[in-house]
*Asks:* 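This structure is in structure tokens; I'll ask about it shortly.
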Amino acid sequence: MPTTESADNDQLFVLTAVLLTPAQFPSVLGDDYPEVCAGLGLEPYAEGYGLVLGQDGDGGRWTVVTEDVSLVACAIAAWDCGMEYDLSPGESSIVGALPGWPLALAVAAPGVPKPHDPEPQEGDPAPLTPPDAEEWGPAQRRLGADEIAMQWAAWREQVEGDVSFADPGDEAHEGVRRVLAEARGYVNEPPPPGRVRSSFAAGEARTLRVDGPGWSMVARTDDIAFVLLDDEPGEVHPVGRGPELPGLLASLEELAERPV
């Protein structure tokens with residue numbers, strides 16, 4: 001099991017790690033990078049952070065925050081390939097150790113007590129806890145958008161026949177019209193970092209992830225879009241190419257955050 005050192009020099013058994021940058025962050029935690037940072041008590045620096053989740057020798061949950069984003073990215077890439085990687089950020093790169101985990105983990109370190117929040121010390125922040133994604137709301141809506149982005153082909157196959165671009169002048173769904181209008185507004189007034197993110201897709205296309213207050217949109221720059229709304233639990237609305245969607249997606253791609 002990889003180990004690192006927490007802020008109080010207790011050994012930390014590393015379980016996993018995630019990136020926290022304007023282009024890559026756990027969507028479940030917020031609609032944009034500054035919102036996620038605020039929830040963790042961090043400054044939204046453009047360079048971002050790495051979050052290392054693990055347990056101390058007593059089984060306590062800890063999240064170590066490091067500025068060494070490259071190291072964390074290398075560790076994640078190695079683990080994804082099934083390779084071992086000893087993730088041990090240098091002491092000088094560690095911003096701090098936060099009690100608790102911001103994400104739900106189904107794994108635990110062997111040989112230590114079951115995961116639990118550490119005993120609070122005077123001045124410590126409240127332990128981090130994962131967002132409640134059991135019922136429909138912002139967290140589950142964002143997780144739903146994540147799933148569509150990861151399983152694009154499967155979702156695309158479910159769309160039968162032609163679907164029309166929801167234009168303010170037609171009879172399309174009111175909530176979808178609002179989302180598209182707000183997304184167009186991002187082109188004229190760029191939103192907070194991370195509201196629009198671009199990632200790899202097959203061919204020369206890109207997958208766009210766009211979020212806003214109460215909504216998420218997933219799109220392929222060469223295809224259609226899917227919209228999810230907080231006020232419509234479990235509903236996924238496909239938005240066809242039409243005359244306007246291609247231009248909107250191209251404009252959003254130009255301002256999107258991309259992984260380095």
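Values below: every heavy atom of this structure, side chains too, minus hydrogens, waters and symmetry copies. Computed from a predicted structure; not experimentally measured.
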*Asks:* Roughly how far, to the nearest 0.5 Å, is CD of Glu67 from CD1 of Ile94?
*Replies:*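 One finds 10.5 Å between CD1 of Ile94 and CD of Glu67.
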
*Asks:* Do you know which two heavy atoms are closest between Ala256 and Leu208, and how far apart they sit?
*Replies:*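 Scanning both residues, the minimum pair turns out to be CB-CD2, 4.1 Å.
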
*Asks:* How far does CG of Leu245 sit from CD1 of Ile224, to the nearest 0.5 angstrom?
*Replies:* 9.0 Å

*Asks:* CG of Leu53 to CZ of Phe13: how many Å apart, nearest 0.5 Å?
*Replies:*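 Output value for this atom pair is 15.5 Å.
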
*Asks:* Taking the side chain as C-beta and beyond, is there a heavy-atom pair between Val65 and Leu40 under 4.5 Å?
*Replies:*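 They are not in contact (no side-chain heavy atoms under 4.5 Å apart), so the answer is no.
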
*Asks:* Does the pair Arg195/Glu35 count as a salt bridge with the N-to-O cut at 4.0 Å?
*Replies:*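 Result for this pair is no, no salt bridge flagged.
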
*Asks:* Does any N or O in the side chain of Thr207 come within less than 3.5 Å of the main-chain N or O of Ala149, such that one atom is a donor and the other an acceptor?
*Replies:* no

*Asks:* Do Arg141 and Ser216 have side-chain N/O donor and acceptor atoms under 3.5 Å apart?
*Replies:* yes

*Asks:* Are Leu71 and Thr66 packed together at the side-chain level, in the sense that at least one heavy-atom pair is separated by less than 4.5 angstrom?
*Replies:*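 No, side chains not in contact.
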
*Asks:* Decide yes or no for Arg156 and Arg220: does some side-chain heavy atom of the first lie under 4.5 Å from some side-chain heavy atom of the second?
*Replies:* no

*Asks:* If two hydrophobic side chains count as joined below 4.5 Å and joins carry through other members, does Leu255 share a cluster with Trp215?
*Replies:* yes

*Asks:* If I compare all heavy atoms of Ala17 with all of Leu87, which pair ends up nearest, and what's the gap?
*Replies:* CB-CD2, 3.7 Å

*Asks:* Closer than 3.5 angstrom, by distance alone: can the side chain of Glu135 be matched with the main-chain N or O of Gln140 as a donor-acceptor pair?
*Replies:*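 Between the backbone of Gln140 and the side chain of Glu135 there is no qualifying donor-acceptor contact (under 3.5 Å).
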
*Asks:* Can you tell me how far the OG atom of Ser198 sits from the CD atom of Glu254, to the nearest 0.5 Å?
*Replies:* 11.5 Å

*Asks:* For Tyr85 and Cys74, which heavy atoms make the closest approach, and how far apart are they?
*Replies:*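 What the structure gives for the nearest pair is OH-CB, 3.7 Å.
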
*Asks:* Would you find a donor on one side and an acceptor on the other, under 3.5 Å apart, between the side chain of Trp101 and the backbone of Gly54?
*Replies:* yes

*Asks:* Can a salt bridge be assigned to the pair Glu182 and Arg178 using a cut-off of 4.0 Å between side-chain N and carboxylate O?
*Replies:* yes

*Asks:* So how far is it from Arg241 CZ to Asp223 CG, rounded to the nearest 0.5 Å?
*Replies:*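 It comes to 6.5 Å.
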
*Asks:* For Val72 and Asp68, run side chain to side chain contact (heavy atoms under 4.5 Å, CB included): C-alpha distance rounded to whole Å, both residues' side-chain angles, the deciding distance at 0.1 Å, then the answer.
*Replies:* CA-CA 7 Å; Val72 173; Asp68 196 340; 5.7 Å; no

*Asks:* Donor-acceptor pair, Asp56 side chain versus Asp58 backbone, under 3.5 Å?
*Replies:*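 Indeed, once roles are kept as given, a pair shorter than 3.5 Å links the two residues.
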
*Asks:* Indicate the atoms forming the closest heavy-atom contact of Leu15 with Ala108, along with that distance.
*Replies:*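 Shortest heavy-atom contact: CD2-C, 3.7 Å.
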
*Asks:* Using modelled atom types only, decide if a donor and an acceptor are shared between the side chain of Glu257 and the backbone of Pro22 within a distance under 3.5 Å.
*Replies:* no

*Asks:* Going hydrophobic residue to hydrophobic residue with side-chain gaps under 4.5 angstrom, can you get from Val18 over to Val107?
*Replies:*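 In one cluster with Val18: Val107, yes.
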
*Asks:* Which atom names give the shortest non-hydrogen contact between Pro191 and Val196, and what distance separates them?
*Replies:* CG-CG2, 4.1 Å

*Asks:* Kindly work out whether a path of hydrophobic side-chain contacts (I/L/V/M/F/W/Y, heavy atoms less than 4.5 Å apart) joins Val210 to Met150.
*Replies:*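 Different clusters: Val210 never reaches Met150 through Ile, Leu, Val, Met, Phe, Trp or Tyr contacts under 4.5 Å.
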
*Asks:* Contact between Ile148 and Leu228 at the side-chain level, heavy atoms closer than 4.5 Å - yes or no?
*Replies:* yes

*Asks:* Would you indicate whether the side-chain heavy atoms of Leu252 and Met217 approach each other to under 4.5 Å?
*Replies:*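 Side chain of Met217 against side chain of Leu252, heavy atoms only: contact under 4.5 Å found.
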
*Asks:* Can Arg209 and Arg142 be said to form a side chain to side chain contact (heavy atoms under 4.5 Å, CB included), step by step?
*Replies:* CA-CA 10 Å; Arg209 173 62 180 275; Arg142 292 189 291 261; 3.5 Å; yes

*Asks:* Quick one: do Glu235 and Leu229 satisfy side chain to side chain contact (heavy atoms under 4.5 Å, CB included)? Show the steps, please.
*Replies:* CA-CA 7 Å; Glu235 294 292 327; Leu229 301 162; over 6 Å; no

*Asks:* Which of parallel (below 30°), tilted (30 to 60°) and perpendicular (above 60°) describes Trp155 and Phe226?
*Replies:*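 Ring orientation of Trp155 relative to Phe226: perpendicular.
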
*Asks:* What distance do Ile76 atom CD1 and Gln24 atom CD have between them, rounded to the nearest 0.5 Å?
*Replies:*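 That separation rounds to 8.0 Å.
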
*Asks:* Out of Thr63, Leu20, Val36, Val28, which one pairs with Pro102 under the side-chain contact (heavy atoms from CB on, under 4.5 Å) rule?
*Replies:*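 Answer after filtering Thr63, Leu20, Val36, Val28: Thr63.
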
*Asks:* Of all heavy-atom pairs between Asp117 and Gly100, which one has the smallest distance, and what is that distance?
*Replies:* OD1-CA, 3.8 Å

*Asks:* Report yes if the side chains of Pro131 and Leu29 come closer than 4.5 Å at any heavy-atom pair, otherwise no.
*Replies:*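 Side chain of Pro131 against side chain of Leu29, heavy atoms only: contact under 4.5 Å found.
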
*Asks:* If you apply the rule side chain to side chain contact (heavy atoms under 4.5 Å, CB included), what do you find for Tyr49 with Val95, and how did you get there?
*Replies:* CA-CA 9 Å; Tyr49 306 92; Val95 176; 4.0 Å; yes

*Asks:* Would Arg197 pass as a cation-pi partner of Phe25, given that its NZ or CZ must be under 6.0 Å from the six-membered ring centre and within 45 degrees of the axis?
*Replies:* yes

